[in-house]
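Side chains included, hydrogens not; waters and symmetry mates left out as well; all remaining heavy atoms used. In the text below, chain A, chain B and the rest are named by the order of the sequence lines, each starting its count at 1.
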Amino acid sequence: MQLDSRIPSGPIEKAWEKTRFEMKLVNPANKRKFTVIVVGTGLGGGAAAASLGELGYNVKCFCFQDSPRRAHSIAAQGGINAAKNYQNDGDSIYRLFYDTVKGGDFRAREHNVYRLAQNSVSIIDQCVAQGVPFAREYGGLLANRSFGGAQVSRTFYARGQTGQQLLLGAYQALEAQIDSGRVTMYPRTEMLDLVVIDGKARGIITRNLVTGKIESHVADAVVLASGGYGNVYYLSTNAKGSNCTAIWRAHKRGAAFANPCFTQIHPTCIPVSGEYQSKLTLMSESLRNDGRIWVPLQKGDKRPASQIPENERDYYLERRYPSFGNLVPRDVASRAAKAVCDEGRGVGETGLGVYLDFAESISRLGRGAIEERYGNLFEMYERITGENPYEMPMRIYPAIHYTMGGLWVDYQLMSSIPGLFVLGEANFSDHGANRLGASALMQGLSDGYFIIPYTLGNYLASNKLAKVDAGAPEVRNVLSEVENSVKRLLSIKGKRTVTSFHRELGKIMWDHCGMARNAEGLKQAIRQIRALREEFWRDVNVPGSGDDLNQQLENAGRVADFFELGELMCVDALERNESCGGHFREEFQTDEGEAMRDDEHYQYVAAWEYMGPDAPHQLNKEPLNFEYVHPAQRSYK
Amino acid sequence: MQRYEAKDVSPDMSFLEMLDVVNEKLIAEGTAPITFEHDCREGICGSCGFMINGVAHGPKSGTTVCQLHMRSFKDGDELYLEPWRAKAFPVLKDLMVDRNAFDRIIAAGGFITARTGSAQDANSIPVPKAYADRAMDAAACIGCGACVASCPNASAALFTGAKISHLGLLPQGQAERDRRALRMIAQFSSELFGSCTNIGECEAACPKHISLSVIAQMNGDYLKASVRDRGAVKESSD
Ligand SMILES: Cc1cc2nc3c(=O)[nH]c(=O)nc-3n(C[C@H](O)[C@H](O)[C@H](O)COP(=O)(O)OP(=O)(O)OC[C@H]3O[C@@H](n4cnc5c(N)ncnc54)[C@H](O)[C@@H]3O)c2cc1C
Ligand code: FES
């Protein structure tokens, strides 16, 4: 496979402007003659569909929820970064670019990240104009907070509901286009395959989740913005419906999958409380500003926190990282928590938890101050655990949160299948091996509002696309393949539920391809996943039929894809003999237990190519060059 | 009505996790599982929601059903689960309803037109903090439909009012303020919702504590817009 990243030449500051200038344009009167499919209505897809509709394209937009407003982006809490420098604290586009490349542990493309930092500025303008009620200061200007991995205050926020407000902005713009007739919305409709004709993406196959009807939709280009695949681990902070089906099926039709093993584990989530646990809840990273993290010094110390005296506590982050203390980046904090729990010093019933203690801050600042800063988070914690964090420390544990990997895209966000574009968390482009807080929202909106409207036009204007009919044999073939795979799932009628398989897969992934990985464990995981997948296709019980609303069937299709992606993640993790960002290989660490990158051998994007159901994936490498930010070992001591 | 027994319930389970456990057992027994809508399970996406013993989202105030935990109930409690009750929300299956009428209300005018890429600098129009905060209070609506389900008239006034208030409180929302009120209310009236008679059940049921004051704001905006609209018609026919 030939990977052309289409990175423009010349100075990075002018790269995007130059690219835009060189692009071909679609005549305004011709836009409505082009049909564009957008799968997903989160920040990436919602912004894209609204903007493309506004430009005059004929847009068909899909989501599996009942309304575009419920895409998983709605759940983002903390905020969105932008290099506005409103605080006059020395921020700049270059600094945001630098922080993001470094935070990603030098595994992202410099040109993409620079453009992201440039676009960040317009995103805030756009959202304010739409009526997003960002937090403001008394003077009426926009307020900012600081977030991990940055020394400036550049995060814009709307209470603890930033994702909700940004998404509602995009959703409202989308609804306006739906009202005007330029966008047709297909809610409760799941994409189950991609149609490729003459090497170009020309349509999708969908299933109506209410009636069960399987249909084809043809178009001149397809945009996927279907979100991340963290749910391969079963337990994650993602919404229950988040899945990899759209990108995985596109992958099997020829789109390369990049860096699948790069996943982010968030250090502050509410720990698992029992077998029935269905998802994990994030507690905002901001809590680490005032909470101190500790575990008992003694193994197996079962005393309640209040009875463990000060000198029998181990504030392990403060001890190991005296200069950053509790504010080390996400990957470092997560691994340290795992290490103390592995030693048998974890707290709570399962021993998989550490304390996040506010007692000292409360006595120093007063309960009122803490309530003002974190009141809603404390309330949420109490609602879920039944424990009052003003009186006893919170218990937290790391959880899967975000996936940096995704479909490979070039600088114009086009995948290795011409005419298939990928936006938001579904692509791999901007965060390297680790994403900084408040940067995913920024990327989704940058892709959707400010990149795809240009690059899609360029594609349509520079390609002569033959007319495609929904009845064409190429389309009908894919449709019948989808029908057959749905039938196959329904026909097994075995003994185990879909969820029981998903949970078991998640455990394998978490144990061997989670916070810490090693070659032996990864090989074992690959064997276990294959065996489990074989059992799934032999013994899964998907009740009901395909001609009706059938949530078990929806889930079964998603879990089937997670098996295949999970295996590829392990293959990728095994191939990458280094530790970088969220990918920590135990064999590659310093004497002090820190990640050891190997720039000489692994400074590349691993783009995996699907070779057929029984053949191993083929690895293609896109080398990464760092002309502006020079790779260095990250240190937080 | 169907009767199910939920065994092995832990007080730390969420209500939906309890239903998951029931469903796993039903599937194993070869019976159809209970269909209910959910996604984020964090109280923010607005997917979940049904009546528990006649109360939208169950007994705990300010809490969606996905955030409700079994410690709010006693062992042996009998719970009646029903889908949202409203003509405008037809039942699709079991506890799942169709709420697309809400999307149509937003499509009619619940937005501020801002062509992508044309916006001026975000700080060029200061917004008094008090206004921004009140706008955010109204914008916190998750569109779950509990307000409609709790209202004896099945009115969508709280939902519609929340969007009209959110956008109307901001300087950016002024140009379309009249049009927004007229069009959204026209749409709301054309759906199968009832009209508001100020009973206040919606506010009590709202998991996000959206205040009744948004309805007053909506009515005020509608009245002013209608008067101005008539004026405009008159002027143009003169
Ligand atoms: C709890 C939580 C908090 C977070 N907080 C922050 C934060 O503070 N700041 C930050 O920057 N980032 C945060 N993130 C990350 C960020 O929210 C996500 O990365 C981002 O919102 C993803 O947006 P998206 O548009 O790519 O996809 P999503 O919002 O996940 O949208 C996916 C869309 O695709 C549709 N879809 C998926 N598959 C199909 C299919 N097969 N057929 C049809 N439709 C399909 C879905 O219906 C949905 O509309 C947080 C994430 C979580 C989990
Ligand atoms: S599932 Fe999202 S609000 Fe309950």
Side-chain angles (χ1 to χ4, degrees), chain A residues 50-51 54 65-67 69-70 72 74-75 84 86 122 124-126 128-131 133-142 158-159 161 164-165 168 172-173 175-176 178-179 187 210 239-241 273-274 276-279 281 383-386 449-450 453 497 499 541 543-544 549 551-552, chain B residues 10-14 16-17 20-21 24 27-28 30 32-33 35 37-42 44-47 63 67 69 71 92-93 96 98-100 102-103 106-108 110-117 119-123 126-129 132 135-136 139-140 142-143 166-167 170 172-173:
Chain A
S51 303
E54 190 181 82
Q65 291 91 349
D66 66 326
S67 160
R69 68 178 288 152
R70 304 200 206 283
H72 167 59
I74 200 110
K84 279 288 197 188
Y86 282 161
S122 319
I124 303 303
D125 300 342
Q126 178 67 26
V128 165
Q130 287 173 343
F134 283 122
R136 289 184 181 262
E137 298 162 352
Y138 283 100
L141 301 180
L142 291 158
R159 299 201 183 134
Q161 290 126 275
Q164 179 196 29
Q165 294 309 317
L168 291 180
Q172 287 161 198
E175 288 295 338
I178 294 171
D179 191 60
V210 179
K240 289 296 286 175
S273 69
Y276 50 79
Q277 187 96 24
S278 61
K279 76 155 281 165
T281 302
R383 208 175 291 139
I384 292 173
T385 63
Y449 284 133
F450 297 112
T497 63
T499 304
N541 179 6
L549 204 162
Q551 293 174 315
Q552 292 293 319
Chain B
S10 139
D12 289 330
M13 275 179 189
S14 72
L16 300 187
E17 284 168 347
D20 290 341
V21 171
E24 287 290 291
I27 298 166
T35 299
E37 187 131 41
H38 65 100
D39 200 21
C40 73
R41 297 203 176 190
E42 285 191 14
I44 191 75
C45 74
S47 292
T63 305
Q67 293 259 285
H69 279 66
R71 65 181 80 84
L92 293 174
K93 192 171 181 179
M96 192 189 268
D98 177 348
R99 289 169 290 196
N100 287 159
F102 271 2
D103 293 321
I106 298 295
F111 50 81
I112 293 173
T113 303
R115 184 176 288 278
T116 301
Q120 56 186 327
D121 184 83
N123 256 350
V127 181
K129 186 174 185 314
M136 180 62 216
I142 59 174
H166 158 208
L167 300 176
L170 297 170
Q172 290 82 0

Per-residue contact mode, B:Asn123 against chain A (heavy atom under 4.5 angstrom):
both
Minimum heavy-atom separation for A:Asp125 and B:Ala122, please, with both atom names.
OD1-N, 2.8 Å
Part of A:Tyr86 lying under 4.5 Å from any heavy atom of chain B
side chain
Heavy-atom contact with chain B under 4.5 Å, split by part of A:Pro187:
side chain
Could you tell me which of B:Asp20, B:Ile142, B:Asp121, B:Asp98 has the largest number of non-hydrogen atom pairs under 4.5 Å with chain A?
B:Asp121
What's the separation between atom SG in B:Cys45 and atom CZ in A:Arg69, rounded to the nearest 0.5 Å?
10.0 Å
Distance (rounded to the nearest 0.5 Å) between A:Arg383 CZ and B:Gln67 CD:
5.5 Å
Among B:Ala108, B:Ser47, B:Gly117, B:Pro128, residue most engaged with chain A (heavy-atom pairs, under 4.5 Å):
B:Ser47
Listed partners of A:Glu175 passing salt bridge (charged side-chain N to carboxylate O under 4.0 Å, His left out), at least two apart
none
Side-chain touch A:Gln552/B:Pro33, heavy atoms, less than 4.5 angstrom
yes
In terms of heavy-atom proximity below 4.5 Å to chain A, should B:Gln120 be classed as side chain, backbone, both, or neither?
backbone
Of all of A:Ile384, A:Ile124, A:Leu142, A:Thr499, which one pairs up most often with chain B through heavy atoms under 4.5 Å apart?
A:Ile384
Kindly determine whether B:Thr35 and A:Leu549 satisfy side-chain contact (heavy atoms from CB on, under 4.5 Å), including the steps that lead there.
CA-CA 9 Å; B:Thr35 299; A:Leu549 204 162; 3.9 Å; yes
From the list B:Gly46, B:Pro11, B:Ser14, B:Ala135, the residue making the most non-hydrogen contacts under 4.5 Å with chain A is B:Gly46
So which of B:Ala28, B:Ala32, B:Ala107, B:Gly30 has the largest heavy-atom pair count under 4.5 angstrom toward chain A?
B:Ala107
Side chain from CB out, backbone as N, CA, C, O: work out which of these in A:Ser122 comes under 4.5 Å of a heavy atom of chain B, or both, or neither.
neither
Can you tell me how far apart NE2 (B:His166) and CD (A:Gln165) are? Round to the nearest 0.5 Å.
6.0 Å
What residue, out of A:Gln277, A:Gln551, A:Lys84, has the most heavy-atom pairs lying under 4.5 Å from chain B?
A:Gln551
Can you tell me how far apart CG (A:Asp179) and CG (B:Asp103) are? Round to the nearest 0.5 Å.
12.0 Å
Tell me, side chain or backbone of B:Val127 under 4.5 Å from chain A's heavy atoms, or both, or neither?
both
Honestly, the part of B:Asp39 sitting under 4.5 Å from a heavy atom of chain A is both
Taking every non-hydrogen pair under 4.5 Å, which of A:Asn541, A:Leu141, A:Val210 racks up the most with chain B?
A:Leu141
Can you tell which of A:Tyr138, A:Phe134, A:Tyr449 has the highest number of heavy-atom pairs within less than 4.5 Å of chain B?
A:Tyr138
Could you look at A:Gln164 and say if it's the side chain, the backbone, both or neither that has a heavy atom under 4.5 Å from chain B?
side chain
Checking B:Leu16 against chain A: side chain, backbone, both or neither under 4.5 Å from a heavy atom?
neither
Which heavy atom of A:Gln126 sits nearest to which heavy atom of B:Thr116, and what is that distance?
OE1-CA, 3.5 Å
By salt bridge (charged side-chain N to carboxylate O under 4.0 Å, His left out), which residues pair with B:Asp12, not counting sequence neighbours?
B:Arg71
What closest approach, in Å, do A:Ala129 and B:Ala114 show between heavy atoms, and which atom pair accounts for it?
CB-CB, 3.9 Å
Keeping B:Glu24 on the side-chain end and A:Thr497 on the backbone end, is there a donor-acceptor pair under 3.5 Å?
no
B:Ile106 versus A:Gln172: any side-chain heavy-atom pair under 4.5 Å?
yes
Contact summary for B:Met136 and A:Ala158, nearest pair of heavy atoms
SD-CB, 4.1 Å
Per-residue contact mode, A:Glu137 against chain B (heavy atom under 4.5 angstrom):
backbone
Can you tell me if A:Asp66 uses its side chain to pair, donor with acceptor, with the backbone of B:Asn100 under 3.5 Å?
no
At a 4.5 Å cut-off on heavy atoms, which part of B:Ile27 comes close to chain A: side chain, backbone, both, or neither?
both
B:Ile44 and its side-chain contact (heavy atoms from CB on, under 4.5 Å) partner, picked from A:His72, A:Gln161, A:Arg70:
A:Gln161
Heavy-atom proximity to chain B below 4.5 Å, by part of A:Tyr276
both
Tell me, side chain or backbone of A:Glu54 under 4.5 Å from chain B's heavy atoms, or both, or neither?
both
Please identify, among A:Gly139, A:Ala50, A:Gly386, the residue contributing the most non-hydrogen atom pairs under 4.5 Å to chain B.
A:Gly386
Please identify, among A:Gly544, A:Ala176, A:Gly241, A:Pro453, the residue contributing the most non-hydrogen atom pairs under 4.5 Å to chain B.
A:Ala176
